[in-house]
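Input: a single structure, listed below in structure tokens.
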There are 2 protein chains.
Amino acid sequence: MIAPSGRATVHDVARLSGVSIKTVSRVVNGAAEVTPATREKVLAAVAQLGYVRNPVAHSLRTGVSGTVGVIVDSISDSFFAALASGIEDRLLAAGFSVLIGSTGRDPVRERGQVDRMLQQKVAGLLLVPNASDHSYLPAAAGDLPVVLIDRSADVADFDQVGVRDRDGGHAATTHLLRHGHRRIAFLGGTTRLETVANRLVGYREALAEAGIEPDPRWIRTDCDEAPDARIAVPQLLALPDPPTAIFSSNQHASTGAVSVLHRTGRTDVALVSFGDFDLAATISPAVSVIHQNPRALAETAVDRLLQRISGAGGPAERIVLPVPLIERGSGELRPAG
Amino acid sequence: MIAPSGRATVHDVARLSGVSIKTVSRVVNGAAEVTPATREKVLAAVAQLGYVRNPVAHSLRTGVSGTVGVIVDSISDSFFAALASGIEDRLLAAGFSVLIGSTGRDPVRERGQVDRMLQQKVAGLLLVPNASDHSYLPAAAGDLPVVLIDRSADVADFDQVGVRDRDGGHAATTHLLRHGHRRIAFLGGTTRLETVANRLVGYREALAEAGIEPDPRWIRTDCDEAPDARIAVPQLLALPDPPTAIFSSNQHASTGAVSVLHRTGRTDVALVSFGDFDLAATISPAVSVIHQNPRALAETAVDRLLQRISGAGGPAERIVLPVPLIERGSGELRPAG
DNA sequence: CTGAAAGCGCTAACAG
DNA sequence: CTGTTAGCGCTTTCAG
């Protein structure tokens with residue numbers, strides 16, 4: 001007969017096993033100095049009562065909990081959803097619970113989420129920071145382990161794991177150049193996000209290496225969402241000397257671009273997307289992508305956070321993951337004529 | 001000068017405002033019986049110290065927290081991601097934090113997530129139950145508010161909010177029949193999930209009303225994921241008298257079906273998808289869907305949970321949301337010939 | 001209307 | 001190696 005979890009307390013276990021509550025605590029927490037015999041007795045009582053440590057009391061006493069806070073732009077966005085999912089899997093395996101929050105890219109909401117999680121005494125924080133002032137973070141976090149994901153904040157004190165944005169932008173653009181394109185458009189969101197800015201730098205560098213000075217009208221940094229791209233792409237294609245290829249630097253712009261290209265029968269326009277998306281591999285032509293692997297990002301970030309939580313120190317580190325180019329067809333199209 | 005949140009305690013506030021900690025507690029919790037004058041003094045001290053109630057201590061003392069547990073099949077699945085996102089938005093607005101967990105449709109993992117959340121003393125639980133035994137739930141949950149989402153469990157004690165699965169299946173099939181189809185395939189996952197089973201019932205009923213006895217081979221209940229559908233659809237189309245239309249009862253099967261239809265040039269096959277998905281509206285032909293609105297589901301479920309948390313009783317209720325049919329093209333294709 | 005004291009369940013000193 | 005005592009920050013009898 002197992003009692004409902006969480007009902008029995010250390011006192012119950014102590015009484016049943018005939019030891020003091022401290023000894024119970026020691027056994028439960030795996031402290032070394034307990035006689036095997038006593039340990040057995042306690043463990044038997046624990047099993048019999050179905051005793052589970054009350055995490056709330058534990059947290060109040062120790063000041064930390066078995067919960068990690070995760071803060072992303074949006075939970076429904078496929079990239080962040082995959083990221084959050086990877087994080088949850090790995091944290092669960094390590095015995096942690098996940099407190100989740102979204103910012104909607106609103107700095108005020110982000111701040112609120114951070115504060116809320118700090119109050120909950122999370123054991124660590126995984127944060128995708130917005131493009132905004134983060135000077136509050138070091139003081140707010142104190143010595144709480146924090147790992148920044150994807151983007152970095154404007155403070156240097158934290159571990160950060162991201163991807164080679166600039167390399168990805170460079171590789172995508174070079175790939176299109178190699179397939180004969182000279183007029184290549186850039187689609188992306190606000191360059192206030194360093195990731196976007198870096199992808200744009202990679203694009204510019206690749207063009208410069210090919211001796212190409214991009215027409216400013218090719219560069220659209222107003223495409224944060226799919227509908228933006230559905231407006232931008234037709235405008236690009238209506239230019240006097242229209243681009244024959246597009247490097248889309250985020251998945252939303254990519255899906256917008258794909259949909260409008262398909263709808264207008266312009267599937268001859270080459271396309272490389274930074275970030276994979278649903279159906280990218282199966283529409284025709286399939287979309288070539290720079291693969292920003294959210295699960296790898298998740299695992300790397302969690303592992304780093306767990307290191308920190310377990311006290312492994314060292315200075316703040318910046319881990320940068322490579323982003324392979326996956327050829328699927330759309331990026332290998334050659335310009336007409 | 002505001003102190004870092006969470007630092008000051010009731011004692012600090014009491015000392016500064018010259019009252020007892022109990023009075024501070026009363027003011028902070030909005031209890032009625034405090035003199036306006038004292039209240040002002042306390043509030044001033046609270047503001048000055050940047051006092052924020054320690055939720056952990058509060059939770060230990062009261063037995064509940066300001067956190068709600070949310071358990072879904074998968075965080076990365078677009079439907080559940082949208083659902084979780086809607087839940088988070090609405091709970092945040094109500095001042096609650098969100099503890100999230102996924103089950104991967106594994107009953108053991110589900111049980112573990114539920115237990116973990118109960119231990120954390122969540123204020124309520126939002127659960128998408130798997131097709132499995134839930135007899136443990138009533139005892140485990142005790143009087144904790146629980147709202148089931150999308151699917152119901154095999155126990156009757158809980159509120160549940162879902163959609164009209166059978167109506168949706170019926171409407172989708174009838175829609176295809178009206179456009180001249182007689183041979184309509186059903187694509188779906190395991191009928192152990194009541195939602196799938198009900199959609200299938202709707203499909204069968206609609207066919208029966210049209211005097212059609214479906215060929216058993218038209219009915220594929222082995223399509224839980226996109227790749228399954230990519231295998232099933234070509235097999236369906238290779239039948240002697242192949243279906244001219246498909247009712248796909250989940251988004252994954254739908255994306256799989258779409259991709260294989262496009263790749264094989266069979267975009268003449270009519271398709272209605274239960275559940276919307278990315279790009280459904282913008283590929284060609286655009287995919288007609290039965291719209292299973294995850295945000296509406298989220299809001300309804302959260303509202304019901306908040307009612308329960310605030311003590312509004314009443315017997316367990318089953319709330320069923322309608323699912324409109326959105327015509328986009330693929331569902332209005334007529335059979336060839 | 002307000003305060004003193006007890007205790008939620010746990011862990012950390014400090015003795016024994 | 002083990003037990004006693006105190007206290008994390010909060011709410012809550014029960015007096016005043």
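Naming: A, B, ... by sequence-line order, numbering from 1 per chain. Just so we're clear, the structure is a prediction, and the values are computed from it rather than from any experiment.
- Five base pairs at each end of the helix from C:dC1-D:dG16 to C:dG16-D:dC1 define two local axes, and these are offset by 40° (rounded to 10°).
- Between the side chains of A:S152 and A:Q160, no donor-acceptor pair is found at a separation under 3.5 Å.
- For B:D12 and D:dG9, the CG to C1' distance is 11 Å, given to the nearest whole Å.
- Nucleic acid contact for A:V56: none, since no nucleic acid atom lies under 4.0 Å from a heavy atom of the residue.
- Dashed line: the shortest gap from a side-chain N or O of B:T35 to OP1 or OP2 of C:dC1 is not under 4.0 Å.
- In this structure, CD1 in B:I149 is found 4.0 Å from CD1 in B:I87, a value given to the nearest 0.5 Å.
- Using a 4.5 Å heavy-atom cutoff, the side chains of A:Q120 and A:T67 are not in contact.
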Check: How does protein contact run along nucleotides 10-16 of chain D, one letter per nucleotide 5' to 3', with B for base contact, S for sugar-phosphate only, - for none, heavy atoms under 4.0 Å?
Finding: BBB----

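- Ion pairing of B:D77 with B:R105 is absent here, as no side-chain N (NZ or NE/NH1/NH2) approaches a carboxylate O to less than 4.0 Å.
- Rounded to the nearest 0.5 Å, atoms CG (A:N54) and OG (B:S59) are 8.0 Å apart.
- Considering all non-hydrogen atoms of both residues, A:D159 and A:P315 come closest at OD1-O, 4.1 Å.
- Checking B:Q307 against B:E317 by side-chain atom types alone, no donor-acceptor pair falls below 3.5 Å.
- Not counting sequence neighbours, B:R192 has no partner by the salt bridge (Lys or Arg N to Asp or Glu O under 4.0 Å) test.
- Atom CG in A:L60 sits about 12 Å away from atom P in C:dA12, given to the nearest Å.
- Within the nucleic acid shown, B:T38 comes within 4.0 Å of sugar-phosphate atoms alone, with no base atom in reach, counting heavy atoms only.
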